[in-house]
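This report concerns only the one structure given below.
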Amino acid sequence: MIRRLFLSICLLFSLLSVAEAQLMAPVGSIMAEAKAATDAKDLARAVELYKTAYVNEEPHAAEQLARIYLEGEDGVAADFTAARLWAQKSANAGEARGLLYLGKIWMEGLGVSKDLDKALGYFQQADMVGDMKSARYIGLIALERHENAKAVHWFEKGANAGDITSQYYLGRAYQTGDGIAQDFTTALKWYTTAATRGDLIASDGMVGLASLYEQGQGVPTDLEKAKAFLTKAAVLGNAKAQEELNRISKVQS
């Protein structure tokens with residue numbers, strides 16, 4: 001009888017230990033699970049895991065929830081109200097990317113009335129705390145306001161920090177001479193840098209390179225090379241590249 005009671009107590013303590021271990025999982029383990037679910041494109045599960053991670057006060061959980069609700073893909077519908085809520089929580093926690101997402105929401109009018117001044121304020125805060133992409137968006141707002149020289153300054157900052165899209169916009173500024181002296185050699189440099197990674201984000205750089213080769217700006221005119229860059233970009237899903245291919249095909253036919 002005593003032995004049976006002793007075994008029951010041991011089993012109870014064993015179960016309690018397992019439960020405690022589950023409740024006190026190592027910091028970051030839930031975020032790791034959430035990232036794995038995200039990589040597997042199981043965003044419905046990722047959302048629940050990120051919410052649990054947020055409750056556990058794990059950093060960047062709110063930021064990831066804001067991103068998912070902004071993009072709306074792989075089983076999770078876009079929800080701009082939820083995106084703004086989670087972006088604000090991220091920003092309140094001092095996370096730069098939360099500030100960036102708030103800026104995008106107000107810049108594009110996602111679930112709110114478009115407000116460039118409010119967006120600019122968030123992007124400037126994000127830039128101050130070191131978000132690499134924020135300079136690009138400050139530059140885009142300057143472009144929208146026809147402040148081309150100011151736009152170039154911010155694209156250059158983003159480009160030097162490694163933001164691929166800033167590199168593309170800086171290349172375009174040098175190609176067109178908007179806000180800076182026209183320089184095809186420097187345009188070629190930045191387009192090439194932007195295109196290097198070879199993915200969809202880099203495909204704008206390929207479109208830029210194609211335009212230089214088509215027009216013979218800083219390089220010999222080479223329509224076949226231009227089409228090759230556009231074809232590669234189009235295969236990656238770049239809509240502008242496909243439009244340019246269609247245009248060239250009509251001209252040649």
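Positions are given from 1 along the sequence. Bear in mind that the values here come from a model prediction, so they are computed numbers and not experimental data.
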**Asked** Going through the checks in order, is the side-chain contact (heavy atoms from CB on, under 4.5 Å) test met by L116 and E144?
**Response** CA-CA 9 Å; L116 290 184; E144 190 163 342; 3.8 Å; yes

**Item:** Side-chain donor or acceptor of S134 paired with backbone N/O of G130 under 3.5 Å
**Value:** no

**Message:** When you group the ILVMFWY residues by side-chain heavy-atom contacts below 4.5 Å and let the links chain together, are L230 and L209 in the same group?
**Reply:** no

**Asked** Is it true that the side chains of N92 and Q88 contain a donor and an acceptor less than 3.5 Å apart?
**Response** yes

**Message:** Closer than 4.0 angstrom, basic N to acidic O: yes or no for E33 and R45?
**Reply:** yes

**Prompt:** Salt bridge between R145 and D117, side-chain N to carboxylate O under 4.0 Å?
**Reply:** yes

**Step-by-step side-chain contact (heavy atoms from CB on, under 4.5 Å) determination, Q182 to T176** = CA-CA 6 Å; Q182 195 172 46; T176 61; 5.5 Å; no

**Message:** Using salt bridge (Lys or Arg N to Asp or Glu O under 4.0 Å), reason through E244 and K240 one step at a time and then give a plain yes or no.
**Reply:** CA-CA 6 Å; E244 291 298 296; K240 175 67 174 175; 3.4 Å; yes

**Message:** Within the structure provided, determine whether L223 and Q252 are in side-chain contact (heavy-atom separation under 4.5 Å).
**Reply:** yes

**Asked** So, the side chain of N56 versus the backbone of E58: is there a donor-acceptor pair under 3.5 Å, distance only?
**Response** no

**Item:** Shortest non-hydrogen contact between G198 and L236, atoms and distance
**Value:** O-CD1, 3.5 Å

**Polar side-chain atom of S113 near backbone of G109 as donor-acceptor pair, under 3.5 Å** = no

**Item:** Cluster overlap M128 with I138, hydrophobic side-chain contacts below 4.5 Å
**Value:** no

**Request:** Working to the nearest 0.5 Å, report the span between CD of E48 and CD1 of I30.
**Result:** 12.0 Å

**Request:** Taking atom types as modelled, find out whether D163 and Q167 have a side-chain donor-acceptor pair closer than 3.5 angstrom.
**Result:** no

**Prompt:** Charged N to carboxylate O under 4.0 angstrom, D127 versus K157?
**Reply:** yes

**Request:** Starting from the C-alpha separation in whole Å, work towards a yes-or-no answer on side chain to side chain donor-acceptor pair (under 3.5 Å) for N238 and Q242.
**Result:** CA-CA 7 Å; N238 190 301; Q242 189 59 60; over 6 Å; no

**Asked** Centroid-to-centroid, Y101 to W86, below 6.0 Å?
**Response** no

**Asked** Below 4.0 angstrom, N of the basic side chain to O of the carboxylate: do R197 and D199 qualify?
**Response** yes

**Item:** Any I141 side-chain heavy atom under 4.5 Å of F123 side chain
**Value:** yes

**Prompt:** Which is it for I68 and V47 under the side-chain contact (heavy atoms from CB on, under 4.5 Å) test, yes or no, and what are the steps along the way?
**Reply:** CA-CA 8 Å; I68 289 170; V47 162; 3.9 Å; yes

**Complete:** Smallest heavy-atom separation, A126 atom then A96 atom, equals CB-O, 3.8 Å

**Prompt:** So, do R97 and D131 sit near enough that their side-chain heavy atoms are less than 4.5 Å apart?
**Reply:** yes

**Asked** Is there a donor-acceptor contact under 3.5 Å linking the side chains of Q175 and Q217?
**Response** yes

**Item:** Criterion side chain to side chain contact (heavy atoms under 4.5 Å, CB included) against E214, the qualifying member of R247, K227, K225
**Value:** R247

**Prompt:** Hey, are E71 and R67 close enough for a salt bridge, meaning a charged N less than 4.0 Å from a carboxylate O?
**Reply:** yes

**Asked** Apart from I201 itself, what residues make up its hydrophobic cluster, given side-chain heavy atom links below 4.5 Å?
**Response** I164

**Request:** Tell me whether W106 is reachable from L140 by hopping between hydrophobic residues (I, L, V, M, F, W, Y) whose side-chain heavy atoms are closer than 4.5 Å.
**Result:** no

**Prompt:** Side chains of E63 and H60: donor-acceptor distance under 3.5 Å anywhere?
**Reply:** yes

**Complete:** Nearest heavy-atom approach of A234 to A241 is N-CB, 3.6 Å

**Complete:** Here the pair of heavy atoms bringing S166 nearest to A159 is CB-N, 3.4 Å

**Prompt:** Are side-chain N/O atoms of Y168 and T193 paired as donor and acceptor at under 3.5 Å?
**Reply:** no

**Prompt:** Hey, quick one: are Y50 and V76 part of the same hydrophobic cluster, counting side-chain heavy atoms closer than 4.5 Å, chains of contacts allowed?
**Reply:** yes

**Asked** Applying the ring pair (Phe, Tyr, Trp, His ring centres under 6.0 Å) test to Y169, which of Y137, W190, F155 qualifies?
**Response** F155

**Item:** Distance-minimising heavy-atom pair for A53 and M31
**Value:** CB-SD, 3.7 Å

**Message:** Are L70 and L85 linked, directly or through intermediate hydrophobic residues, by side-chain heavy-atom contacts shorter than 4.5 Å (ILVMFWY only)?
**Reply:** no

**Request:** Might you point out which heavy atoms bring G139 and A151 nearest each other, and give the distance in Å?
**Result:** O-CB, 3.4 Å

**Message:** Do Y191 and R172 make a side-chain contact, defined as non-hydrogen atoms from C-beta onward lying under 4.5 Å apart?
**Reply:** yes

**Request:** Please tell me if the side chains of L188 and T192 come closer than 4.5 Å, counting only heavy atoms from C-beta onward.
**Result:** yes

